[in-house]
Amino acid sequence: MAGVVLEDLTKRYDGGALAVNKLNLDIRDGEFVCLVGPSGCGKTTALRMIAGLEEITSGEVRIGDRVVNNLPPRDRDIAMVFQSYALYPHMSVRDNMAFGLELRKTPKAQIDKAVVDAARILDLERFLDRKPGQLSGGQRQRVALGRAIVREPAVFLMDEPLSNLDAKLRVQTRAEIARMHTRLEATMIYVTHDQVEAMTMGDRIAVINEGVLQQAGTPKDLYELPQNRFVAGFIGSPSMNFIDLKVSQDGGVVRLTGEGAEMRPDDTESALLRDLGLDSVTVGFRPEHLDLATLSGPGLSVTVVVDVVEFLGNDELIHGSSEGRDVVAIINADNTLKVGQSVTLAAPSRRLHLFNPATGLRVAEDGASTTGGVANRVTTG
Amino acid sequence: MSVQAASLPVTASPRKRRFRLRPSRIVLNVVLAAVAIFWLVPAIGIAIISLRPNASFEQSGWWTVLTAPAQLTFNNYQQLFSAGFKPGGVLDSLTTSIAITVPVTILVTVISSLTAYSLVFGRWRGRTLVFLLIVAMLVLPLQMALIPIASLYKVFDTSTGLHLFGSLIGAIIFHVAFGLPFGIFLMRNFYSGIPHDLLEAGRIDGAGEWTLFRKVVMPIGIPALASLAIFQFIWVWNDLLVALIFLGNSSHITLTMYLYSWTRALSSNYWIISTGAMISIIIPLIVFFAFQRYFVRGVLAGAVK
C-alpha cells in the first residue's frame with residue numbers, strides 16, 4: 001500500500017482547454033478519498049493522470065516514494081475500476097480476473113488462489129466460467145472489482161463505478177466497496193459526481209469545479225464548514241438555500257435584510273461584518289435546518305409562499321419562494337402545509353453560512369474570504 | 001386448422017401459433033425459394049455436366065439426368081487429375097491459385113488488422129489524414145494501375161536482376177497492395193466500435209501494445225477478420241485479370257487462367273470447363289464454411305454497459 005501525492009497537477013489539452021489546474025492533494029496510505037464535482041469538472045482527468053492514461057501537462061504525481069509521471073500504467077502498481085466495467089468480453093470471469101496476474105508471470109497456483117479468494121469475497125464463485133455477456137450489471141461490476149482486488153495493488157482507482165447500476169444495486173455495491181476498503185486497508189481514490197456517494201464512502205472528499213480544487217476535508221468538514229458557495233451548494237441534499245441580504249448598521253447594531261428575509265447576527269458575526277465593511281452578504285442555510293418557528297435569538301427568518309409539498313414519510317419537502325428566490329425546507333410531516341400558504345421559516349445562527357457575494361468565499365473569522373483565490377484557500381490534509 | 005387453434009386454451013396458443021403459416025410468411029418463403037432456385041440452377045447444371053460423360057453434352061441437356069441418374073460418372077475428374085501436377089494442368093493450376101490466394105489473404109488480414117489498430121488506438125498525429133488517404137485509394141480502379149505497375153516491375157527486374165514480373169511473388173504483392181485499402185477500411189471501422197476503456201483496462205493490467213492487440217483486440221475482431229478473410233480469398237481466387245497480366249508468360253497458371261484457356265469462340269470444351277469450375281468452387285466453399293461460424297453477433301456483449 002502507498003499514499004498518493006498530487007503536486008500542482010495540471011492538464012491542458014491541445015486546444016488550450018484547461019481540464020485540471022494546479023491540483024494539490026495529499027492522500028494518505030490506506031485512505032479512501034473521493035474526488036467529487038459536476039460533470040466536466042476535471043475529476044476523471046485527474047484520476048486518469050494518476051493512472052497514467054492521460055499525459056500530465058505539468059506538476060507531479062507521487063505514488064509512495066516514487067514520482068510516476070513518466071511511468072506507464074503497468075509500472076505504477078495501481079488497479080482501476082472503470083465506469084463502463086471494461087471487461088474483456090471474450091474471456092470468462094476467471095480469465096478476466098486472472099489476466100493481470102498472468103501478464104505479470106505470477107505462478108498459476110497463486111493466480112488460481114487469488115481469483116477464487118476474490119470471487120468468494122464478491123460472491124462470484126458460481127459465475128467464474130461465464131462470460132461477461134451472461135452476467136447482470138451488478139455482477140459485471142463485481143467482476144471489475146474482483147479484477148482489481150486480485151492484483152493487490154498499492155492504490156485502487158475507481159471512476160464512477162456505480163453510475164451504471166440501478167438505485168438498489170448502487171447501495172449494495174457501495175457497501176461492498178466500503179467493506180472491501182476496510183478489509184484490504186488499501187488506498188482508494190474514488191471519482192463520483194454523486195455527493196451522497198462521496199459523503200457516505202470517503203474518509204475525505206475533494207471537491208473540484210472547473211479543474212480547480214475547491215476544498216478537501218472530511219464529509220463533516222465539508223458539510224459544516226464549506227469554504228465557498230460552490231462547496232456549500234454542492235454538498236448536501238437537497239442543496240443549500242442562498243439569499244442575498246443587505247448589510248446596514250443602525251447605532252452600531254448590524255442588520256441584514258432583503259428578499260423577504262431578515263437576519264439577526266450574533267455578536268461574532270456582527271463584529272465580523274462590521275470589520276469587513278461589506279454592503280451585502282450571501283447567507284446560506286440548509287433545508288434540514290429550517291423550521292416553522294419564530295426567531296427568538298440570533299438567526300434567520302424567511303417568509304415563503306409554499307409552491308409544492310412533497311411527502312417523504314416522516315418529513316415533508318417544501319418548495320417555496322421568497323420574493324422570487326426559491327427556498328427549500330424539510331419540516332416535520334405533522335405540520336400539514338398547503339400549497340399557496342405563506343409561512344415563516346427560521347434557522348438558528350449556528351446553522352447559517354455567510355459568503356462574500358463578490359468572491360463566493362466564506363466569510364471567516366480570520367477575514368480570509370476577502371482576499372486571494374479559491375485554490376489557495378483549500379484545506380488539503 | 002384455424003378452428004382447432006381457436007378452440008385451444010389461451011395458454012397453449014403461443015406454442016401452436018409458431019406453426020401457423022401466415023399469408024405473408026408463405027409469400028416470403030415462395031420468394032426466397034424462387035431466389036434460391038434462380039441461383040442454384042446454374043451451379044447444379046455445371047455440377048451435373050461435370051459428372052456426365054463428355055460425349056453426352058451435345059446429345060442431351062443436363063436436366064435429362066433427372067430421369068436417368070445412371071449417366072453420372074467421375075470420368076471427367078479422373079481425366080483431369082490424370083495429368084498430375086504437370087505445369088498447365090488442373091492440379092498445378094489449383095496449387096498455383098492456392099499459392100497466391102492463401103498468402104494474400106493472410107497478409108491482407110494481418111496487415112489490415114495491425115494498421116487499423118494503430119489508426120484507432122495509436123496516439124500519433126495525422127492518423128485521420130492517413131485513414132482518409134487509404135479511403136481515397138479505394139476509389140482507384142485496379143485496371144488503371146495494372147500497366148504502370150507491370151512496367152514498374154520490369155524496371156525493378158532490370159535494375160536488380162530479380163524476377164518480380166511473371167512470378168507468383170509479383171502477383172501476391174499486387175493483390176496485397178490492392179486488398180489493403182478495403183481491409184484497413186473494414187477493420188478500422190470495426191475497431192472503432194471497441195471501447196477504449198477495454199484497452200486502458202488492459203494497459204493497467206500490464207499489457208503492452210502487442211499483447212493488447214493479440215489478446216484483447218484481435219479476439220474481439222474475429223467476426224470482421226473472418227469477413228475480410230472470406231472476401232479477400234474469394235476476390236483473389238476468382239481473379240483472372242491480374243493473373244493474366246502478371247503470370248501470362250509463366251508456366252504456372254491460376255485455375256481461372258486454366259479455365260479461360262479452354263474457352264473457345266465456337267466450340268468450347270464444356271466438360272473441362274464445368275469440371276474445372278466445380279474444382280474451383282470447392283476451395284472457396286471450404287473457406288466459407290470454415291470461417292462462417294465466426295460470424296457471431298454481439299461479440300462485445302458485456303464488455304461495457
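Source: prediction; values computed, not measured. By convention in this document, chain letters (A, B, ...) are assigned in the order of the sequence lines, proteins followed by strands, and residues within each chain are numbered from 1.
Neither the backbone nor the side chain of A/R76 comes within contact range of chain B; no heavy atom of the residue lies under 4.5 Å from a heavy atom of that chain. For A/D77, no part sits under 4.5 Å from any heavy atom of chain B, backbone or side chain.
Residue A/L87 comes nearest to B/L198 through the heavy atom pair O-CD2, 3.0 Å, listed as atom of the first residue, atom of the second, then distance. Of all heavy-atom pairs spanning B/R203 and A/P73, the tightest one is O-CB, 3.9 Å.
Comparing A/A148, A/G100, A/P153 by heavy-atom pairs within less than 4.5 Å of chain B, the highest count is held by A/G100. Across A/Q141, A/M91, A/K131, A/R48, the residue that shares the most heavy-atom pairs under 4.5 angstrom with chain B is A/R48.
Distance CG/A/D159 to CD/B/E200: 9.5 Å, rounded to 0.5 Å. Rounding to the nearest 0.5 Å gives a distance of 7.5 Å between CE of A/M80 and CG of B/D197.
In this structure, A/D166 places its CG atom where more than 12 heavy-atom neighbours from other residues, nucleotides or ligands lie under 6.0 Å away. When the shell of 6.0 Å around CD1 of B/I173 is examined, it contains more than 12 heavy atoms from other residues, nucleotides or ligands.
Between B/D205 and A/R151 there is a salt bridge, since at least one side-chain N of the basic residue sits less than 4.0 Å from a carboxylate O of the acidic one. Between B/R123 and A/E55 there is no salt bridge, since no side-chain nitrogen of the basic residue lies less than 4.0 Å from a carboxylate oxygen of the acidic one.
Here the side chains of B/I204 and A/F82 are in contact, with some heavy-atom distance below 4.5 Å. Looking at B/K215 and A/Y88, their side chains never come closer than 4.5 Å, going by heavy atoms from C-beta outward.
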